[in-house]
Each structure stands twice: as structure tokens, then as C-alpha cells.
Amino acid sequence: MAPLLNISISNNLQFFPVFILILILILFPCPSVATTSEAEALLKWKNSLHNPTNHSLLPTWNLLPSYNSTSPFTNSSRRSCCKWIGIVCNEFGSVTEINLSTSNLKGTLQYFNFSLFPNLLSLDLSINSLYGSIPSQISNLSRLIHLDLSQNQLSGNIPFEIGMLGSVEEFWVSHNNLTGSIPVGPIPASIGNLSRLSDLDLSSNNITGSIPKEVGELSSLNWLYLFENHLSGSIPSSIGNLSKLSYLALGTNNIIGSIPKEVGQLSSLNRLLLHTNHLGGSIPSSIGNLSKLSYLELCTNNITGSIPKEVGQLSSLMVLYLYENHLSGSIPSPIGNLSKLSDLKLHFNNITGSIPKEVGQLISLNVLFLVRLQGNQLAGNISEEFGIYSNLVYMDLSNNKLVGKLSTNWGQSPKLTMLNISNNKISGRLPIELGKATQLQVLDLSSNLLVGKVPKELGHLKFLFKFKLNNNRLSGKVPMELGMLSQLEVLDLSANKLSGPIPIHLGQCSKLLHLNLRSNKFSGTVPFQIGSLHYLQDLDLSQNFLTGQLPSELGYLQMLETFNISHNNFSGSIPSTFKEMLTLTSIDVSYNQLEGPLPHIKAFVEARIEALENNKGLCGNNSNLKPCPISKKNSNEVVLGSVIVSILVTVLLIFFTVGVLLIRQKRERKNIEEPRVTQNETFFVEWGHDGKKVHQEIAEATENFDSKYCIGVGGYGSVYKTQLPTGRIVAVKKIHENGGEANEEAFESETSILTKIRHRNIIKLYGFCLHSRHSFLVYEFMERGSLAKTLTGDGNAMELDWAKRVNVVKGLANAISYMHHECCPCVVHRDISSKNVLLDGDYEAHLSDFGSARTVDPDSSNWTSFAGTFGYAAPELAYTMEVNEKCDVYSFGVVTLEVIMGNHPGDLMSSLPLPSSSSSATIHHQIPFSKILDQRLSPPRNQIASQVVSIASTAFACLQANPQSRPTMKQISDKLAASSPSLSVPLDLITLQQLFDLPTCTPSGHTFSCNSFLV
């Protein structure tokens, strides 16, 4: 052919252009034809989708333009679909990438003609609502490298034809409803034929069957994610052939058998996650060969035997989770060789022996920060096995058989936030040095053999919110210094020998939720100051020597759920104020000297006889008691009564006439008896600004504030859902009666601030009514309730998906930024929490409850009393009461983490640096960021994932110990409003260590300079 070709060219030069054209057409497919068929296939699939908003779906996907048949290479044809949303083409105009992740697609893949995309390299349809099965025709994508169908509603089996995708390197179908087994079948249909596959993610489906041995043929595999399925059978020994494997995640399945010794051949393995299965047998000693392993999670299985000493060879190990198994024997001393170990959890096993001194050395070297050994059979003398640990954060040794006395060394652990040694055999006295561990948040020494007094020095533990000394042999009086524990939520001193009166200073622990003083020797009366604990939910004073009448102030405990005063010597009647305690669910007043009527509320009306028996003369509307007697008068008494009534009526008429005149004069001086209304919304004009009419119509709409309309109870008011005569539904906050000066200040703060500010993410105040009987405020109604309530319920939390959560955080940031930077003077909220963030029907965030808010004058002192909610208040408020914007920034950071995690980030926050620390924040253990995400949702992907990571990084910046290192809300709002870059690193590869490497914001004049929050 060569001579002929040469001749043709030399003798027929006039045909040369035609020849070149023919040659190009032979060597290269016509791009116009390929593009046309691809575009038509895409349009046909688009038209098969049935989204409610299909008319606006993929708006750039339009009909093809007309083609110039004489010029197949015109730009109009080449661009036929290459500029559509989510489409990438090669230089010849053929589709190579389809990325429609997070596009709100709803439909199936049955109408997708895979055979028309011969050059497709990447197909990403993740985070949509695609359903139905994965078509077997997907095997026609012979050049496909990346396939992501995760986070859809796909069902059925994984087609065995997947094994024909010989070029695929990444295969993601996690978080669907796939069933059946992992396809094997004959080669080449076997999954083992995917020799180039590096990432295989089938997690969070309903896949059954066993792991095929052919998995061992995936020689290029780096990640193998099969967790959260229904896989059974055993782990195939062939898995040891995967020499490149760095991540093996088989957790949360039904896998049985033992861990194959071949796992020790995975020389590249970084994480081995086999938790929450039914694995038995012992841990193979070959596991010690995994020199690169940083995470070992074998927890929640049925593993037996002892912990192999070879674990001490895992020189890169940072996290060791072996808890909730049946391990026995002692803790091997070679664990002390794990110089990088930061998190050790061996709890709930049958481990015996003493705690090796080598473990204590790891703590001393500031390496091991979190230790959980509770629920074992550990023995030994606790006073001899632990020294001084300057960086220890978390220690739980509860439910063991430890003996000895508490060492004074625990007071020299300045970062210790959790110390739980309950349910052991610890004896001796409580060392006063414990009061020096000033960062303690949880101190639980219950169920031991402790004696002596409760040291007053424990009143220095300003951050303590859980304090349990119950079931010991402590004696003496309770020191009044415990009233200084302003953050305390749980105080349990029950089952001791404590005596004297109940200290009135406990009334200063305003955040108390649970107070238990049962089974002691307390005497005297109940101090009325207990009635000021407005958040109290459980009160148990039973089995003491208390006397006197119950103070009426106890009726102010309008969040109380359980009330037990049995086995005392109380007398008199139950105060009438108890009728307001609508939240009560359980009461026990037995074995006292009480008499008179029961309060007419559900807890008393439905109480069992055992909760009422052995009193002097209780009566009332309870089937176990006699009705209260009605006094009978004889006829002479009736006549005399009639005469007296007539005289009284006459006298009252005289006084009424005089009284009317006096009232008129009084109203002129102070308009308080006549309700007055201030409005900032036009619909009040319809009522003619008539305060009396406003008050009357709201009272009628709520049936005089009947409890059935109540949707929430707060610190200084109850909230009622109300439909006004105009048809508008509003929320009415009725201020608690007899609330004192604090309620008046909160009412004044709320009305003065909310009538002056307006923002779409701040609750709208329609008006307020001030009256001597019922004072209330009227707000717009938020259909979804509080953010805290939404995150608590699984159903509501699932509806609050990642996109909505991102918008909630942005909206809250915008609201606070407006208050701090656009209001003059600046407004500081002081009580930002998830309970005070309300969501409307579209999940838009609205900041509420401005009762603690203050305006800040930069040219004067702004000191005031403490306000806020524990767990959200900035740590510096423990030693300063100065109002400034940085307190709100800290609270915003806590709420933001709560949105991301789905619950309050208490344990995570314990890893933050101390307020006295001047160093940048450093987390003490490398937990994967994906682990802290709300597990009820599928992990975020792509742009949403990037925004979630950026938001988390911003939140950690807000939680810096030094207030001046926190960013301003303006910086935060601007940061969140900016477009986020796409996330190139998977969430599982991002650790909290990276997110905690935060920048600092340095003051420059009146501004702050911050580098990017996301490193």
C-alpha cells in the first residue's frame, strides 16, 4: 500500500484534501454525530425524571441546535451539550464526565442509555432521589474510572455485570437501600475482576450475604468500606492479599467468626474498624505487625481471651477501642510502648489485675488524654497507681474493684474535666486538694466507702455541672460554699449521713436540674430559696427528719417532674401554689403529717395510694382518698349569714363608689391597671390600639391561658399558641406571676430591644401588653419550634438535612452579626442556645428570648450579673461579668457544633484548651471528622460537605479560650456567605486535629485580621 499511496499522492494532488478528510474520518469518530447522540440520550433521560419542579430542572439542557450538514465540525454542533450543567467533554466534543450531584433529581436509571457514552470516565449522581435498581447495562461504560451513586434511594441487587467495568477505580454506592449479596459470579463478572479498583464504598445499605473471597483479588484496593449493612458470614482470609489497603471498615454488620490472622499481612493498613459485629475468638497476635495502624476499633463484639502483648508493637496507634467485649486477663504492660496513644477505651469487659504503671507513664508523658476502664474487674490500690498528670482530660474507672484512698494528686491535674471512680471500694476522706482541679465538669465518687465531711474547697469548681457523692458514709453539714457552683445541673448527696439543715445557699445554683438529698439526717424546714430553682426537674428530699410546712415558693418550680418528700415529718397542707406545677408527673408525699386538699393537677389526682398513705388527713379528687368535706350550717347560721351579707353588700357599694374615683386618679398617675400596648406591626391598628381589647381577646383565645395551649415553659414566662380574631396564629409569652424584679427586668429588656431592631433571622415582636394580672408579649409563630427540640427527635432531625443545617447556621450568624455590627448601640444577646433558636416552616432560623440581652456602650463599663445557659456560656464568665460580643461568639460556636453533631458537643468541648492557655487550640486525639457528624443523616457530599467542614472549622475558632482570639460575627457572617470551594478530601480523611489547628485573630485598631478558618 505504501507505493500505491505515494503514487496516488504524487499523481493526484488535486484529490489530496479529500484524502486527508477521509483519513481523519477513519481515524477519529465524527464528534458531531457522537455529541448529537449523547445529547439526545441525556435529554431523553432528563424527560423521564418526574421532579415536581421538572420544568426548571437542569435549565441549560435545551433542545439541540440545527446542524450544518456540510460542516460537521462547526462550533454550534461541537458545543451541543458540552456547556450544559454538569457535563464535561473532551477536545472532540464527546462526553467524558457527568456530575449531577445534589441536583434534586428524582427518577430511575432505566432510561439512561449507557451504551451511547463510550468515552465516559466519571459518573457522579450522588445525593439525589434516584430509585429503582442499578441497570446491568451500566457495564457498557467500559472506560469508566469513577462511579458515585451514593446517597440515593436505589434498591435491588448490585448487578454482577459491575465486574465488567475493568477500568473503574472508585465505586461509591453507600447510603442507599441496596439488598442482596456482594456480586461475585464467574470471572469476568466477578467483583474480583476490578483490578484497578482503589476505592470501594458499599456502606449504609441493606446488603446481605457474606464478603466474597474474591475481594482478595482487588490488588489495587486502598479503601474498603462495607460498614452499616447486614453482612454475615466470616471475614475471608484472602483479605490478607490486599497489600495496598489502608482503610478497612466492616463495622455495624452481623459478621461472625474470628479475626483472621491474615489481617496481620496488611502492611499499609492505617485504620481497622471491625466494631459492632458478632466476632468471637481472640485477637490474633499477628495484629502486632501493623506498624502503620493508627485506629484499632474492635469494640462491641464477642471477642474473648486476653489482650495480646503484641498490641504494644503498634507504634503508630493513637486510638485503641476494645470495649464491650468479653476480654479477660490483665492489661499487658507493653501498651506502655504506644507513645502516640491518646484514647484508650477498654470498658465493659472482664479485665482483671491492676492497672499497669506503664499506662500511668503514658499519661505522665502527656500522650494519653482519655482513659475509660470502667465496668471491668480491675483491682489494686488506686492511691499507688496514679501520679500527677498535667494534661489528663478524661478518667473513668467506675464499676471496678479498686481500693485505697483518693490521692491529693488528682487536684494537680489542671486540665481534668471528668473524674469518675464510682462503684468501687475507695475509702478515706475527700481530699481538699480536689478543689484545685478547677476545670472539672463531672465529679462522680458515688457508691464507695468515703467518710468525713464534704470539703468546702469543692466550691471552687466553677465549671462543675455533675456532682455525685451518693451512697457513701459522709457526715456533717453540707458546706454553704456549694452554693457557689453556679453551673451545677446534677447534685446527688443521697444515702449518706449528712445532717443539719438543707443549706439555703443551694438556691443560688440556678441551673440545677436534679437535686437528690434522700436518705440522710437533714432536719429543720425546707428553705423557701429552693423555689428559685426554676429549671429543677427532680427533687427528692425523702427519708430525712424534715419538719414544718412546705413553703409556697415550691409552687414556682414550674419545670418540676418528680417530687418526693416521703418519710419525713412535714405538717400542714400542700400549698395552693402547687396547682401551677403542670409538668409534674410523679409525686410521693407519704409518711408525713400532711392534711387538707390535694392540688387539682394530674400528678396528684392520678397518684397511687402508696404515694399518699400515712398522712394526717389528705383529701381531694383522688380515687384513693375521701372527698374533702363541705361544711354544713344550721338555719340560724344561714339567717345570720344572710344579714351579714346584706350589710357587706351595702358597705361594698359605698366603697365601690369611692374606689372608682381613686382608681381613675391612680390611672392618671400610672397607667398600669389598664393594659397598655405597644405595636410594631400594622395589624394592631385594626384593634385601634385598644389595650383592654387586645388583652381581652388574647385571654379569650387562650381560655384565660389554659395549659392546653401551652407549648413551652421558660425561665420567666410560659409560651402559648394562639389564634387571633384576624386568623393569624401567634405565640404569646405570658410572664410568670410573682416573678419578682428579675422578671420585670427581662420583660423590659425584651420589649425595649425587640421594638428597636428588625432582621429576618430575629424573632418578630408584634406587640406587648403590660397588666397587673397578665403581662405578655406577642410574637410571630414558629411552626417547627426550637432548634433543640428539632435535633432531639429523630424524625425531625432527619428532615433537617445538611443543606438546611447549613442555612440555619448562616441565618443565626447573620442575626448576631446584625446585632453586633449594625445596631447602635451594639446589642449582646448573652443567652444564645439551641433552645433560643426557633425554626419557621421553611427551617429558617430566628433568634429569640432577649430577656437577658443588653446594649453595650464602648465608652463605659459594661458589668452585670451572670446570664446564660450552662454549656453555651463562655468560660471567662466564671471569673468576669463584663458584657461583650465575644460571649455571643462563643455561644454561637457551641450551637453550630450542636447543629453538626445533632446533640450538645459536651464531650468534644472537653478537649478544648483551658481558659488560661495562651497556645492555639489543639485536640488531643485524631478522631475522623465524619465520626462527629450527626449519624442519623447520610454524610454530606461535595459542596455541602465543604460547607459543613468550613462551618465546623469556624465553630472551633469561636471556641478559642482567649476571647480576643475569637473572630467577630461580621467575619463569620462574611466567611459563611462566601462561596465554598469543592471538597477534594473525603470526610473520613479529615480529622479533628486538622480542624483544631485554628488561626488567631489579631486586633488592629478597631478591626480584626483573621486568616482562613479552614486550613
Side-chain angles (χ1 to χ4, degrees), residues 676-687 689 691 694 698 714 716-717 719 721-722 724 726 728-733 735 745-770 775-787 807-858 867 883 885 887-889 891-892 895 968-974 976-977:
R676 54 187 174 89
V677 172
T678 296
Q679 96 295 334
N680 62 358
E681 182 70 14
T682 55
F683 78 82
F684 272 89
V685 177
E686 300 173 9
W687 297 352
H689 303 280
V694 171
I698 287 182
Y716 82 100
V719 182
K721 180 180 179 181
T722 311
L724 299 174
T726 60
R728 185 191 296 262
I729 296 178
V730 296
V732 178
K733 181 191 287 185
I735 308 305
E745 291 181 358
F747 184 88
E748 182 179 352
S749 172
E750 188 121 16
T751 54
S752 63
I753 290 178
L754 286 181
T755 53
K756 296 174 184 176
I757 65 176
R758 178 68 64 86
H759 189 275
R760 65 175 295 173
N761 295 112
I762 294 178
I763 192 74
K764 184 183 297 182
L765 177 68
Y766 288 140
F768 64 89
C769 188
L770 184 63
S775 294
F776 54 78
L777 304 99
V778 184
Y779 308 89
E780 62 178 326
F781 179 70
M782 296 285 110
E783 295 91 328
R784 307 281 181 184
S786 71
L787 175 62
N807 288 333
V808 165
V809 172
K810 289 182 177 179
L812 180 58
N814 293 338
I816 307 173
S817 177
Y818 163 79
M819 291 158 48
H820 288 185
H821 302 283
E822 298 181 42
C823 294
C824 188
C826 160
V827 176
V828 178
H829 189 279
R830 298 207 303 160
D831 194 13
I832 296 170
S833 68
S834 57
K835 290 183 179 180
N836 292 335
V837 177
L838 305 180
L839 305 178
D840 61 19
D842 297 323
Y843 292 96
E844 183 93 8
H846 298 260
L847 185 59
S848 69
D849 202 342
F850 283 73
S852 302
R854 294 290 184 270
T855 55
V856 175
D857 184 354
V883 177
E885 303 95 313
C887 300
D888 282 355
V889 174
S891 301
F892 168 79
V895 173
T968 67
M969 289 307 304
K970 180 69 165 60
Q971 292 168 332
I972 294 170
S973 180
D974 292 345
L976 298 182

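- Between R830 and C887, the closest side-chain pair of non-hydrogen atoms is not below 4.5 Å.
- The main-chain N or O of A853 is found under 3.5 Å from a side-chain atom of S749 such that the two form a donor-acceptor pair.
- Separation of atoms CD1 (I753) and CZ (R854) is listed at 7.5 Å; rounding is to 0.5 Å.
- For the pair E844 and R760, the minimum side-chain heavy-atom distance is below 4.5 Å.
- Side-chain atoms of K756 and V827, non-hydrogen and from C-beta on, never get closer than 4.5 Å to each other.
- Although no hydrogens or angles enter the test, the distance criterion places no donor-acceptor pair under 3.5 Å between the side chain of Y766 and the main chain of A731.
- Of all the heavy atoms in I762 and A815, the pair that sits closest is CG1-CB, 3.8 Å.
- Once rounded to the nearest 0.5 Å, the distance linking CZ of F850 with CG of D831 reads 10.5 Å.
- By the 4.5 Å heavy-atom criterion applied to side chains, E780 and D840 are not counted as neighbours.
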- Message: Run Y818 and N761 through side-chain contact (heavy atoms from CB on, under 4.5 Å) and show every step you take.
- Response: CA-CA 9 Å; Y818 163 79; N761 295 112; over 6 Å; no
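- In this structure, OG on S817 lies 10.0 Å from CD on Q971, to the nearest 0.5 angstrom.
- Pairing each heavy atom of S834 with each of S786, the nearest pair is O-CB, 4.0 Å.
- Considering all non-hydrogen atoms of both residues, I972 and V889 come closest at CD1-CG1, 4.2 Å.
- More than 12 heavy-atom neighbours from other residues, nucleotides or ligands sit within 6.0 angstrom of CD on E783.
- A salt bridge does not link D849 to K835: none of the charged side-chain nitrogens sits closer than 4.0 Å to a carboxylate oxygen.
- Closest approach of M969 and I816 over heavy atoms only: CG-CG2, 3.5 Å.
- The shortest non-hydrogen separation linking H820 to V828 is NE2-CA, 4.5 Å.
- Shown here is K810, whose NZ atom has more than 12 heavy atoms of other residues, nucleotides or ligands within 6.0 Å.
- Atoms CD1 and CG, on I832 and L812 in that order, are 6.0 Å from each other to the nearest 0.5 Å.
- Between the side chain of R784 and the backbone N or O of Y843 there is no donor-acceptor pair closer than 3.5 Å.
- Note that CD1 of I763 is 6.5 Å distant from NE2 of H846, once rounded to the nearest 0.5 Å.
- Scanning both residues, L777 and E750, for their nearest heavy atoms gives CD2-CG, 3.7 Å.
- The aromatic rings of F768 and F747 stand perpendicular to each other, their planes meeting at an angle above 60°, with 30° marking the opposite boundary.
- In the model, H759 has no side-chain atom that pairs as donor or acceptor with a side-chain atom of N814 under 3.5 Å.
- Within the 3.5 Å criterion, the main-chain N or O of K970 finds a donor-acceptor partner in the side chain of H821.
- Of the possible donor and acceptor atoms, one in the side chain of S848 sits under 3.5 Å from a partner among the backbone N and O of N836.
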